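Scroll down for the structure; my scribbles are underneath it.
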Number of protein chains: 2
Amino acid sequence: MDVVTGLDACSTMEPDEARVAATRERLVTAGEATRLADLFRLLGDPTRAQLLYALLEAGELCVCDLTETVEVSDTAVSHALRLLRTAGIVASRRAGRMIYYRLADAHVRMLLDLSREHLRHEIVKG
Amino acid sequence: MDVVTGLDACSTMEPDEARVAATRERLVTAGEATRLADLFRLLGDPTRAQLLYALLEAGELCVCDLTETVEVSDTAVSHALRLLRTAGIVASRRAGRMIYYRLADAHVRMLLDLSREHLRHEIVKG
DNA sequence: CAAACTCCTGAACAGGTGTTCAAACGATAA
DNA sequence: TTATCGTTTGAACACCTGTTCAGGAGTTTG
C-alpha cells in the first residue's frame, strides 16, 4: 500500500524522505513485526512471566510445582502453559502422571535474563 | 500467602519440595514479574513493535516519519508513543513543530536485536 | 492577527485476553 | 474394576486494550 506508493504526507520535508526510505529496507517487515509482537505479548503476562522465570531458575518443573510457585489456580497455569507450548517457548515431558516443563529455546533464556537485568538497572537509576 | 505458608498441595511428593523452595529464593518476586510483564506487554503490539524497530534502525525519527513507516493513523502512532514514552522506553526531543523520538535505553536496544535474531533463527529451523 | 502544520488528548466503541467453572482425559494405586 | 491424582480442555464471563473520531494544544508562516 503506502509502503510502496506513499511519500505524500509530510510533503514539506525532503531531507528526511531519504532516511525513511533507507530505513524501510533494513526495517523488519510488517509480518516480522507482528511475529515479534506475538512473541513479546506471550511474555507480557504476569502469570506466564512468573512461570518462565521459575523455569529459568529451576530448569524443569511439573505443573503442580509451578502452581505452587505462582499464585494462581492449576487451571490457569495449564492454560498459560498451553500458549507457551504452542508457541515453542516451553517443551514438556511426561513422567508417570505428571508432566515436566522446561524452556525450549536458548534465545528466550537470554531474553528473560537480559530483561531481568534491564529491570534491576532501571530500579538503580530510580 | 502461600509463598510462605504453602507446601500443602502436591503432598505426595517430597523430593521436589526442596527444589521448589530453593527456586523461590532466586526467583523474581511477583512484583518483579509484573513489571517484567509490563515491559514485554509494551513490546507486544504490532504497531509499537514496528515503531521501535524503525527507531532501532533510524536512530531518530519524527512522528510524521513514523506514521509513514508504520501503516496506521498519526493518532494511533501518538497514542502508542505516549505509552512507550511514559514507560521510559523512548525519549522525545522537540525541534520546531515536530518532535523526534529515539530509543531511550540500551537494554531495550539489545532486547529488540536479540528478539529479531531469535525470530530469524526460528524461521531457519522451520 | 489568522492560517497552516505537527502533534497530542479524551471519550467511545469493537475486539482480544485471562480467569473461573465444570467436565473429562490419561496414568497409577487399591 | 473403581478411585484418586495430575493435568488438560471448552465455554462463559468480566476485564483490558488499541483503534477511531472529534477536538485542542503548541509552533511557524503569511
Side-chain angles (χ1 to χ4, degrees), chain A residues 8-17 20 30 33-34 37-52 60-87 90-101, chain B residues 8-17 20 30 33-34 37-52 60-87 90-101:
Chain A
D8 30 26
C10 252
S11 54
T12 51
M13 350 180 24
E14 329 85 34
D16 284 52
E17 295 294 3
V20 172
T34 299
D38 287 344
L39 170 63
F40 286 128
R41 183 152 24 79
L42 246 68
L43 310 183
D45 171 73
T47 298
R48 292 195 294 270
Q50 276 187 279
L51 293 175
L52 291 172
E60 201 180 44
L61 288 171
C62 70
V63 178
C64 70
D65 287 340
L66 287 168
T67 302
E68 250 183 276
T69 305
V70 181
E71 293 188 44
V72 297
S73 67
D74 56 345
T75 303
V77 169
S78 193
H79 277 297
L81 288 172
R82 194 173 82 82
L83 292 176
L84 296 172
R85 186 176 1 111
T86 302
V90 302
S92 61
R93 167 181 75 84
R94 170 153 235 149
R97 52 188 162 192
M98 29 193 141
I99 299 178
Y100 287 91
Y101 280 85
Chain B
D8 30 27
C10 251
S11 54
T12 52
M13 349 181 25
E14 330 85 31
D16 285 52
E17 295 295 3
V20 172
T34 299
D38 287 345
L39 170 64
F40 287 128
R41 183 152 23 80
L42 248 66
L43 311 182
D45 171 73
T47 298
R48 293 195 292 269
Q50 277 187 278
L51 293 175
L52 291 173
E60 201 181 46
L61 289 171
C62 68
V63 178
C64 69
D65 287 340
L66 287 168
T67 302
E68 252 181 272
T69 306
V70 181
E71 292 187 46
V72 297
S73 66
D74 57 342
T75 303
V77 170
S78 195
H79 277 297
L81 288 172
R82 194 172 82 82
L83 291 176
L84 296 172
R85 187 176 0 109
T86 302
V90 301
S92 60
R93 168 180 74 86
R94 170 152 235 149
R97 52 186 162 196
M98 29 194 140
I99 299 178
Y100 287 91
Y101 280 85

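When reading the values below, keep in mind they use all heavy atoms of this one structure, side chains included, and skip hydrogens, waters and symmetry mates. Please read all numbers here as calculations on a predicted model, not as lab measurements. Chain letters run A, B, ... following the sequence lines, proteins first and then strands; every chain starts at 1.
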Return the value, rounded to whole Å, for the distance between atom [atom1] of [X] and atom [atom2] of [N].
X	N	atom1	atom2	answer
B:E71	D:dG18	CD	P	19 Å
A:L42	C:dG18	CG	C1'	13 Å
B:D38	C:dG18	CG	P	13 Å
B:L43	D:dT17	CG	C1'	16 Å
A:D74	C:dT20	CG	C1'	11 Å
A:R48	C:dT19	CZ	P	8 Å
B:L61	C:dT6	CG	P	15 Å
B:D65	C:dC5	CG	P	17 Å

Inset, instruction - Return the nearest nucleotide to the side chain of B:L83; candidates are D:dG18, C:dC8, D:dT19. - result: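 Ranking D:dG18, C:dC8, D:dT19 by closest atom to the B:L83 side chain puts D:dG18 first.
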
Legend entry - Closest listed nucleotide, where the reference is the side chain of B:A76 and the choices are D:dT20, C:dG18, D:dT9: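 So the nucleotide nearest the side chain must be D:dT20.
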
Inset, instruction - First locate atom CD of B:Q50, then atom OG1 of B:T69, and finally report the distance between them rounded to the nearest 0.5 Å. - result: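 OG1 of B:T69 is found 9.0 Å from CD of B:Q50.
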
Inset, instruction - For residues A:A37 and B:P46, report the shortest heavy-atom separation together with the two atoms involved. - result: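 Residues A:A37 and B:P46, closest heavy atoms: CB-N, 3.5 Å.
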
Inset, instruction - Considering non-hydrogen atoms only, spot the tightest contact between B:V77 and B:T67 and give its length. - result: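 What the structure gives for the nearest pair is CG2-OG1, 3.8 Å.
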
Legend entry - side chain to side chain donor-acceptor pair (under 3.5 Å) against B:R82, all qualifying residues, sequence neighbours excluded: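 Partners of B:R82 under the side chain to side chain donor-acceptor pair (under 3.5 Å) test: none.
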
Inset, instruction - Would you check if there is a donor-acceptor pair between the side chains of B:R94 and B:Y100 at a distance under 3.5 Å? - result: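 The criterion, which ignores hydrogens and geometry beyond distance, is not satisfied for B:R94 and B:Y100.
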
Please write out the pairs of protein N or O atoms and N or O atoms of nucleotides 22-30 of chain D separated by less than 3.5 Å, giving the distance to one decimal.
none

Nucleotides 11-16 of chain D: which of its N/O atoms have a protein N/O under 3.5 Å away?
none

Does a side-chain N or O of [X] approach OP1 or OP2 of [N] to a distance below 4.0 Å, or not?
X	N	answer
A:Y101	D:dT8	yes
A:T47	C:dT19	yes
B:R82	C:dC7	no

Legend entry - Partners passing side-chain contact (heavy atoms from CB on, under 4.5 Å) against B:T47 (at least two apart in sequence or in another chain):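 Once residues adjacent in sequence are excluded, the partners of B:T47 under the side-chain contact (heavy atoms from CB on, under 4.5 Å) criterion are B:D45, B:L51, B:V70, B:V72, B:A80.
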
Inset, instruction - Could I get the full list of side-chain contact (heavy atoms from CB on, under 4.5 Å) partners for B:S78, not counting sequence neighbours? - result: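 Listed in chain order: nothing, the list is empty.
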
Legend entry - Note, B:Y101 side chain near B:I99 side chain (heavy atom, < 4.5 Å):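 Side-chain contact under 4.5 Å: yes.
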
Inset, instruction - With heavy atoms under 4.0 Å as the rule, sort A:D45 into base, sugar-phosphate or nothing. - result: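 The residue A:D45 makes sugar-phosphate contact but no base contact.
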
Inset, instruction - Apply salt bridge (Lys or Arg N to Asp or Glu O under 4.0 Å) to A:R93 and list each qualifying residue two or more places apart in sequence or on a separate chain. - result: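 Partners of A:R93 under the salt bridge (Lys or Arg N to Asp or Glu O under 4.0 Å) test: A:E60.
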
